[in-house]
Amino acid sequence: MRFYSTNNPDLTVSTKEALFHSMPADKGLYMPIPLPRLGAHFFETIAGQSLADIGFEISKALFSEEISKSDLEELTHRAFPFDTPVVNLEAGRTSVLELFHGPSLAFKDVGARYMAALMSYYSKKSDQEINILVATSGDTGGAVAMGFHNVPGVRVSILYPSGRVSDLQEKQLTTLGGNVQAFEVDGSFDDCQAIVKQAFTDSELTTHLSLSSANSINIFRLIPQGFYYVRAYGQVRHIGKPVVFSTPSGNFGNLSAGAMVQQMGLPVAHFVAATNLNHVVPSYLKTGIYSPAASVATISNAMDVGSPSNFVRLAHLYRDDYETFNANVSGYFFDDTETRAGMLKIYEQFGYVACPHTAIGILGLQSYLADSNKDVVGVALATAHPSKFKPLVEEVLNQSIDVPERLAVMANLTKQSIHIPAQYEVFKELLLQTVS
Ligand SMILES: *Cc1c(COP(=O)(O)O)cnc(C)c1O
């Protein structure tokens, strides 16, 4: 498999290069070429296959030239010891695809764990230790930390803004120990990101250490997200109706993954791009004008993105053609009042407890079904477990909700972090000490 840059389709690099250096020098984004077509037979016979089975089949189609079948089988099964079940809300019409059964209870586990498994495959073949640096505002850090925990040959340094992540999110970052080191920065998420960016351009560091990023720009976080759209199709295909997916979106990695697997042959009738007040993409779909803006804070904060980094990928997949894009994707957005009302209504109507992001996905689906009046089966992606947003969910539903054991135990663990000022030199000194 080769990867081209969206800024220059003539420039292609290897799988390993795109994996370890997330971004091309021309600041475009990597995209796989050519995208293999999975035959109709594959989609007709997947009903009983797990997420890991499907991941293995698609990985073979993508990477069998550079990685052996047995290695691919081992790494996909190691990455996905959990499934992504479809839960029915309204028979034959509305379902949710639960993506939160992994260790950090959000869909980001899927991308982070597959990327970690691929990196460890390559790192085993070299004696140089790999250093992953990642800045996080919450969910990404937990998925990356857990995905890389105990992976041989890899060290992870996570920078997060002190006092600006939730208690449970902080526990996910700071209690693993071993090869995962958390840096608690006196500053904002932007300060953390600036420190990480400076590290990548510091030749003194990069000559000593093999540095890699685990940010969502990396195409290897997106590729595995296509697997669960296929897994969902396997679970609703028997209904015998066209399938529509509704994806609650921020940076639009999740929806890009869906569009990518659609081009590999998955029969998707339509996508719904559901957002909060950060609605650049729904607005683009309505007007044809794309105008990124500063982000607005909402209760579905993992989707507070004003300038989604994967929009370029999504547009590229639809041939940079507004008509094609519009024929495949509809956009809907909801403010906080509508989101709260939606969470309550979903609970009252279906007995289903949705986190605010998931609620936006379900609301988007319901709006599309009402507007289009088509006889389809709709699948809304449930991106996080509601207990990750416990205080909000309990307030809106006016009742207490359960916290899964694996999250609850974290509350009792002791935080271990290195507290630093938002100064690059301080971080650099400590990084060199901790890795040497
Ligand atoms: C990251 C995140 C999203 C947004 O996903 P994108 O791929 O950035 O569009 C939605 N919901 C939750 C819970 C998230 O953590």
Side-chain angles (χ1 to χ4, degrees), residues 82 84-85 87 89 96-110 112 136-147 158 160-176 182 184 189 248-250 254 274-278 297-305 334-363 380-417:
F82 53 89
T84 52
V87 174
L89 299 186
V96 289
L97 169 61
E98 292 188 340
L99 302 174
F100 50 69
H101 295 280
S104 82
L105 293 97
F107 80 94
K108 290 188 174 78
D109 281 327
V110 173
T136 183
S137 56
D139 273 348
T140 299
V144 168
M146 292 174 167
I158 299 181
Y160 71 96
S162 180
R164 301 197 201 187
V165 301
S166 77
D167 285 352
L168 279 173
Q169 281 174 329
E170 184 171 40
K171 290 288 167 79
Q172 289 185 333
L173 306 174
T174 57
T175 59
L176 292 168
E184 179 178 357
F189 168 65
S249 296
N254 209 352
T275 74
N276 57 29
L277 274 188
N278 298 282
T298 74
I299 56 169
S300 47
N301 55 12
M303 312 196 319
D304 291 349
V305 181
F334 305 90
D335 66 19
D336 282 354
T337 307
E338 291 166 314
T339 306
R340 285 170 183 270
M343 289 165 69
L344 189 57
K345 189 156 172 242
I346 291 159
Y347 182 64
E348 287 170 351
Q349 217 176 341
F350 306 121
Y352 192 78
V353 180
C355 88
H357 313 82
T358 302
I360 285 178
I362 298 170
L363 288 172
L381 277 60
T383 49
H385 192 282
S387 67
K388 284 198 101 170
F389 306 90
K390 193 172 191 278
L392 172 79
V393 176
E394 293 190 331
E395 180 215 309
V396 172
L397 304 187
N398 194 20
Q399 71 164 53
S400 62
I401 60 165
D402 294 336
V403 178
E405 184 65 23
R406 62 193 188 287
L407 189 59
V409 294
M410 298 218 131
N412 305 319
L413 301 176
T414 312
K415 155 177 148 183
Q416 287 181 316
S417 67

Note to self: Restricting to side-chain hydrogen bond (donor to acceptor under 3.5 Å, both in side chains), what partner residues turn up for Gln349, sequence neighbours left out?
What the structure shows: none
Check: When rounded to the nearest 0.5 angstrom, what distance separates OG1 in Thr339 from CD1 in Ile299?
Finding: 5.0 Å
Note to self: Run the side-chain hydrogen bond (donor to acceptor under 3.5 Å, both in side chains) test against Thr298 and tell me which residues pass, sequence neighbours left out.
What the structure shows: Asn276, Ser300, Asp304
Note to self: For the CG atom of Asn301 and the CG atom of Leu392, what is their distance to the nearest 0.5 Å?
What the structure shows: 9.5 Å
Notebook entry, point to check: Atom CE in Met343, atom CD1 in Ile360: separation rounded to 0.5 Å?
Noted result: 9.5 Å
Check: Can you list every side chain to side chain donor-acceptor pair (under 3.5 Å) pair that touches residues 404-415, not counting sequence neighbours?
Finding: Glu170-Lys415, Glu184-Lys415
Check: If you measure from OG1 on Thr136 to CD on Gln172, what distance do you get to the nearest 0.5 Å?
Finding: 10.0 Å
Next item on the list: Assess whether atom CG of Asp402 is packed by more than 12 heavy atoms of other residues, nucleotides or ligands within 6.0 Å.
Entry: no
Check: Do the two ring centres, one from His385 and one from Phe100, sit under 6.0 Å apart?
Finding: yes
Next item on the list: Evaluate whether atom OH of Tyr352 has more than 12 neighbouring non-hydrogen atoms of other residues, nucleotides or ligands under 6.0 angstrom away.
Entry: yes
Notebook entry, point to check: Under 3.5 Å, is there a donor-acceptor pair between the Gln169 and Tyr160 side chains?
Noted result: no
Notebook entry, point to check: When rounded to the nearest 0.5 angstrom, what distance separates CE in Met410 from CG in Leu407?
Noted result: 7.5 Å
Item checked: Interatomic distance, Leu99 atom CG to Thr383 atom OG1 [nearest 0.5 angstrom] -> 7.5 Å
